[in-house]
Amino acid sequence: MPNSSHATPPSDAGRGPSSIAARAMGGLRPTAASYLDGLNEEQRRAVEATEGPVLVLAGAGTGKTRVLTTRIAHLISTGRARPFDILSVTFTNKAAREMKHRIGTLVGPAGEGMPWLGTFHAIGTKILRRHAELVGLKSDFTILGTDDQLRLMKQVLKDQNIDEKRWPARALGHVIDGWKNRGLGPDQIPAGEAQAFAFGKGGDLYTAYQARLVTLNAVDFGDLLLLCLKLWRENPEVLTIYQDKFRYILVDEYQDTNVAQYLWLRLLGQTRKNIACVGDDDQSIYGWRGAEVDNILRFEHDFPGAVVVRLERNYRSTGHILAAASGLIAKNQGRLGKTLRTEDELGEPVTVSGAWDSEEEARLLAESIESLQAKQHPLSEIAVLVRISAQMREIEDRFVQLGLPYRVIGGPRFYERAEIRDALAYLRATKNPSDDLAFERIVNTPKRGLGDATLQQLHLYARAEQVPLLHAARKLCETDELKPRVRSTLRALTESFSRWARLVESNPHSEVAQTILEESGYTEMWQKEKSADAAGRLENLKEFVRSMEEFPDMGAFLEHVSLVMEASEAEGADRVSLMTLHAAKGLEFDTVFLPGWEDGLFPNQRALDESGRAGLEEERRLAHVGLTRARKRAKLSFAVNRRIHGLWSSTIPSRFIDELPETAVDVIEAPAHFSAGASRFDRNPQPFGSSYGTPGWQRAQANTGQGNGGSGNFGKGAAHTTARGFGASPGGGRGGPRQIEGELIAKSTGAPSAFETGMRVLHTKFGPGDVAAVDGNKLTVDFDKAGRKMVLDSFLQPA
DNA sequence: GGTACGCGGATTTTT
DNA sequence: TCCGCGTACC
């Protein structure tokens, strides 16, 4: 299986430009398209193999997007297809945007349009709106965000009298998402799995949830794909329309497709079979949310006769970086196997350095960045990639102290912010009076005295009368079932909605939105709020209203916002980028810092616990993604002590560090104060973490007296230096020196600290402060400016 | 109905 | 440690 890369351009019989006639005409065509210039041999093969199934295995930095866009340009300019004949799917809006842009520059106005280039979800939406009634919806259905989804789940759980503590709505959401990811409708769940949730109620809950969605005329993200499958299966004539329509299908990031997406593609592609998937099994890092690496591993089986092209020539990274990344990923089994090559120079080796704790790691990292900055290295070409968001705090703290400009990439999306969701809910409820979820969301936001009790009453009435909540509210106001005060508030609100609905008919929608936000008291709510981020939220609201102007009407705007709206990043400023490894996929930087390479953190313990070997391999792919983001410099680090959920735990270097090829790596010896010559290959845990009972401590205990036992990871890979201990404090007052492997751990710097509690000191970075506690050579100091920090005495001098 | 405190849980994240 | 949720109280 791994060696079918002998792809030749298909000389298909019959139609198409490779037909005899077409070939005869070949020379008459305007000279070979300039867009093909500069493609290497494999890339060109991937572009020109237009007919039949094609799998392009594109390693990191091998020109994947270029192949995709050139392929489209090729299809269009050779007359094989018109822009609207091509279905081209991506996962993110960003990728879709970039492709549109690049096609535009390749083929000019001819490529404009591309109505079927977009995310799976956007295209699914487009299709569903056209045939909504066939799946029991109206064509103006709403698309629910995760927060609405969650509230709906809660309602369903309540209806079925399920203890939400025992069976949280989030968990149910996860289970249902899982089913949807696998293309399973409520009636298709394997019997065994339906039992899994809440004593066998899983299936019923799913059914109830879907029923609620239908009554709300709403769908969740999963439905955008799942309902397409349902639509096509139940209405073959509709499927045929799309099979005919899409002469060519292109798929980006194929390794990230889930089962539902795979089925979606297979249905569409099974007649014409002109389906080209581009992906990299080594960059599959979304297994935890349903991506099936199997889809890519199985491609040749699913599409017999598929042409497979491997792109292995890397144009991004230097030799050492590529060697490190390749060496690491080679430890994975179950991959199709590619070997990245570069013609670039070896460049700087990947550096590996250790730190005493995560604070020191952040400090060293920031120092490195500052020294690069001093050498005129632009900050925008530096990225710090972490495994989990929680790592960011300490790093940010450090950057803030130093005044180092940085930006966090990722994080909450613009349209997921509370204020945007609220504003959106007002608009949704105005536009669509039966959007109960929207109404419910803002009925008491801002606080107007319509709490749970009133809402319960509304629900009861609405259910009895089979009408939407807003309608029920109007009716209830006409009765005397409500307390006078509640009644008048509620009446005012319902009247506002009627008024707003009339406004929408005849006024510019952004103005109406502005009016709604003001009259409802929503803007005022934030103006009154004094918290730090209130101003930012008001800013976001402004931006929200402003962005509406770009759309013809409110409906179009709502559609856009529910699927694609993103924060408008202030570009341009020279800043360091800070993000998770996941968020870094698809990006590249000259210099990449990879902190936190410690077992438990990375590879992440939870991934290991939950998915075992597969989990480990996915973590390794994540490491591979991280390394391959770097063009010229990759800098790994780890700390031997890290604060996890507020407790200090001792940690051991990541097993991935030992898996790197030594020739590509340069070990930065720990600073003298840190260790008496410890190597970074020293994976013996340090037994003086300050909290006993942590995993690190447990492992340390297990290790003592077991020779080189380790946690089962010894003995392979690079040579290990025998533990000489990481020096530093012998545990302070918590137990004195400890023995490991017959050696006494020396105090780090030998001499006990010259500082005492209460002394006034001066720190090289933090400035003046008072010593609050002494623990060997580690001192706790209350700095005048920086607050309480743990520092090493070597950075201090008496003040 | 609104607020103040205490408890438990805590990856990665797009659409 | 920090955040969100639920409960207890005003």
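Note: hydrogens, waters and symmetry copies are ignored here, and every other heavy atom, side chains too, is used. Chain identifiers are assigned alphabetically (A, B, ...) following the order of the sequence lines, protein sequences preceding nucleic acid strands; residue numbering begins at 1 within each chain.
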Can you name the residues that form a ring-ring contact (aromatic ring centres under 6.0 Å, His included) with His131(A), not counting sequence neighbours?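 Residues passing ring-ring contact (aromatic ring centres under 6.0 Å, His included) with His131(A): Tyr242(A).
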
Those residues at least two apart in sequence (or on a different chain) that pass ring-ring contact (aromatic ring centres under 6.0 Å, His included) with Tyr206(A) are Trp179(A)

Point to revise | Aromatic plane relationship, Tyr286(A) with His582(A) - under 30° parallel, 30 to 60° tilted, over 60° perpendicular | key: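 Judged by the thresholds at 30° and 60°, the geometry between His582(A) and Tyr286(A) is tilted.
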
Report each atom pair, protein N/O against N/O of nucleotides 1-7 of chain C, whose distance is under 3.5 angstrom.
residue	atom	partner	partner atom	Å
dT1(C)	N3	His645(A)	O	3.2
dT1(C)	O4	His645(A)	O	3.3

Which salt bridge (Lys or Arg N to Asp or Glu O under 4.0 Å) pairs, counting each pair once, include a residue from residues 443-459 of chain A, with sequence neighbours left out?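 Listed by first then second residue: nothing to list.
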
**Request:** Ignoring backbone atoms, test whether Thr146(A) places a side-chain nitrogen or oxygen under 4.0 Å from the OP1 or OP2 oxygen of dT15(B).
**Result:** no

Item to complete: Ignoring the backbone of Tyr286(A), work out which of dT11(B), dT15(B), dT13(B) is nearest its side chain.
Response: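 Shortest atom-to-atom distance from the side chain points to dT13(B).
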
>> What's the closest nucleotide to the side chain of Arg387(A) if the choices are dT15(B), dT13(B), dT11(B)?
In response: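 That would be dT11(B).
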
Item to check | side-chain hydrogen bond (donor to acceptor under 3.5 Å, both in side chains) evaluation trace for Thr257(A) with Asn295(A) | outcome: CA-CA 7 Å; Thr257(A) 48; Asn295(A) 289 345; 3.0 Å; yes

inquiry  = By a 5.5 angstrom centroid cut-off and a 30 degree plane limit, is there stacking between Trp288(A) and dT12(B)?
reply    = yes

Residue pair Phe91(A)/Leu608(A) against DNA chain B: nearer the 5' end by closest nucleotide is Leu608(A)

Hey, which sits more toward the 5' end of DNA chain B by its nearest nucleotide, Ser389(A) or Ala122(A)?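 Looking at the nearest nucleotide for each, Ser389(A) comes out on the 5' side.
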
| message | Show me the pairs that pass ring-ring contact (aromatic ring centres under 6.0 Å, His included) and involve residues 595-620 of chain A, at least two apart or across chains. | response |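 Matches after skipping sequence neighbours: Trp597(A)-Phe602(A), Phe602(A)-Phe656(A).
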
For this session: Check every strand shown and say whether Glu610(A) touches a base, only sugar-phosphate, or nothing at a heavy-atom separation below 4.0 Å.
Result: base

Reckon Glu618(A) touches a base, only the sugar-phosphate, or nothing at all at heavy-atom distances under 4.0 Å? nothing

Residues 480-489 of chain A vs side-chain hydrogen bond (donor to acceptor under 3.5 Å, both in side chains), sequence neighbours excluded, gives none

Can you name the side-chain hydrogen bond (donor to acceptor under 3.5 Å, both in side chains) partners of Arg212(A), sequence neighbours left out?
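Arg212(A) satisfies side-chain hydrogen bond (donor to acceptor under 3.5 Å, both in side chains) with Gln155(A) only.
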
Per the under-4.0 Å heavy-atom filter, residues of residues 441-454 of chain A near DNA chain B come out as Asn444(A), Lys447(A), Gly449(A), Gly451(A), Asp452(A), Ala453(A), Thr454(A)

request  = Report the residues that fulfil salt bridge (charged side-chain N to carboxylate O under 4.0 Å, His left out) with Glu524(A), sequence neighbours left out, ordered by chain and then residue number.
outcome  =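 Partners of Glu524(A) under the salt bridge (charged side-chain N to carboxylate O under 4.0 Å, His left out) test: Lys528(A).
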
